[in-house]
Amino acid sequence: MNDILIVIRIVLPVILVGIIAIFTIHIAKKISECHKTKEKQEDENYMAVGMAVGMGIGTSLGIALEVDNLAIGTSIGMLLGMIVGMNYKK
């Protein structure tokens, strides 16, 4: 029974990061197609997408590293994702 829990702890973060990466690529493609059809608008950034990806990665790393407080991993991941997302223009 403990072997199954160990495998789940290892595989779950990898699966979550993979799903988040696929979802982010899908959103980026949809947004780029939408911008091609619309008129020229103000430059925006990927802050919201970066926050979501950062929260997912922070949570999965917190689970994988067995951190006692997952809120710290989630909040630090969200902050770093927001910073990265703000630097990329749409």
Side-chain angles (χ1 to χ4, degrees):
M1 186 69 176
N2 287 334
D3 294 336
I4 294 172
L5 293 175
I6 292 171
V7 170
I8 290 173
R9 280 200 145 160
I10 293 170
V11 174
L12 184 64
V14 174
I15 291 172
L16 288 175
V17 169
I19 291 171
I20 290 171
I22 291 169
F23 185 68
T24 305
I25 291 169
H26 177 69
I27 288 174
K29 284 183 180 179
K30 183 187 274 187
I31 289 173
S32 67
E33 290 173 1
C34 182
H35 279 293
K36 289 179 184 177
T37 59
K38 289 185 178 181
E39 295 179 1
K40 182 80 176 169
Q41 294 180 350
E42 296 179 20
D43 286 343
E44 297 178 11
N45 54 30
Y46 289 106
M47 184 175 66
V49 176
M51 286 173 48
V53 171
M55 285 175 61
I57 292 173
T59 303
S60 63
L61 286 176
I63 291 170
L65 298 176
E66 297 182 14
V67 176
D68 292 335
N69 194 353
L70 287 178
I72 294 173
T74 304
S75 61
I76 291 174
M78 182 178 69
L79 176 67
L80 293 175
M82 183 178 70
I83 291 170
V84 170
M86 286 174 60
N87 291 321
Y88 289 102
K89 301 290 182 192
K90 287 187 177 180

| field | Linked, directly or transitively: Val17 and Leu12 (ILVMFWY side chains, under 4.5 Å) | value | no

| field | Remaining members of the apolar cluster that contains Leu5, side-chain heavy atoms under 4.5 Å | value | none

| Over all atoms of both residues, closest heavy-atom pair of Ile63 and Pro13 | CG2-CG, 4.4 Å

Enumerate, atom names and distances included, each donor-acceptor pair closer than 3.5 Å involving a side-chain atom of residues 50-61, sequence neighbours excluded.
| unit_1 | atom_1 | unit_2 | atom_2 | d |
| --- | --- | --- | --- | --- |
| Thr59 | OG1 | Met55 | O | 2.8 |
| Thr59 | OG1 | Thr74 | OG1 | 3.0 |
| Ser60 | OG | Gly56 | O | 3.2 |
| Ser60 | OG | Ile57 | O | 2.9 |

| message | By the salt bridge (charged side-chain N to carboxylate O under 4.0 Å, His left out) test, which pairs, at least two apart or in different chains, include something from residues 9-18? | response | Arg9-Glu66

| task | Would you please name every residue forming a side chain to side chain contact (heavy atoms under 4.5 Å, CB included) with Val11, sequence neighbours left out? | result | Val7, Ile15

| said: For Ile10, give me all partners under side chain to side chain contact (heavy atoms under 4.5 Å, CB included), at least two apart in sequence or on another chain. | reply: Ile6

| Tell me, which pairs form a salt bridge (charged side-chain N to carboxylate O under 4.0 Å, His left out) where one or both residues lie in residues 11-26, sequence neighbours left out? | none

| query | Apart from Ile22 itself, which Ile, Leu, Val, Met, Phe, Trp or Tyr residues share its cluster (side-chain heavy atoms under 4.5 Å, direct or through members)? | reply | none

| said: To the nearest 0.5 Å, what is the distance between CG on Leu70 and CG on Leu65? | reply: 10.5 Å

| What is the distance from atom CD1 of Ile27 to atom OH of Tyr46, rounded to the nearest 0.5 Å? | 10.5 Å

| message | Taking side chain to side chain donor-acceptor pair (under 3.5 Å) as the cut-off, I'd like each qualifying pair that reaches into residues 15-28, sequence neighbours left out, listed once. | response | none

| remark: side chain to side chain contact (heavy atoms under 4.5 Å, CB included) filter on Leu79, not counting sequence neighbours, yields Met82, Ile83

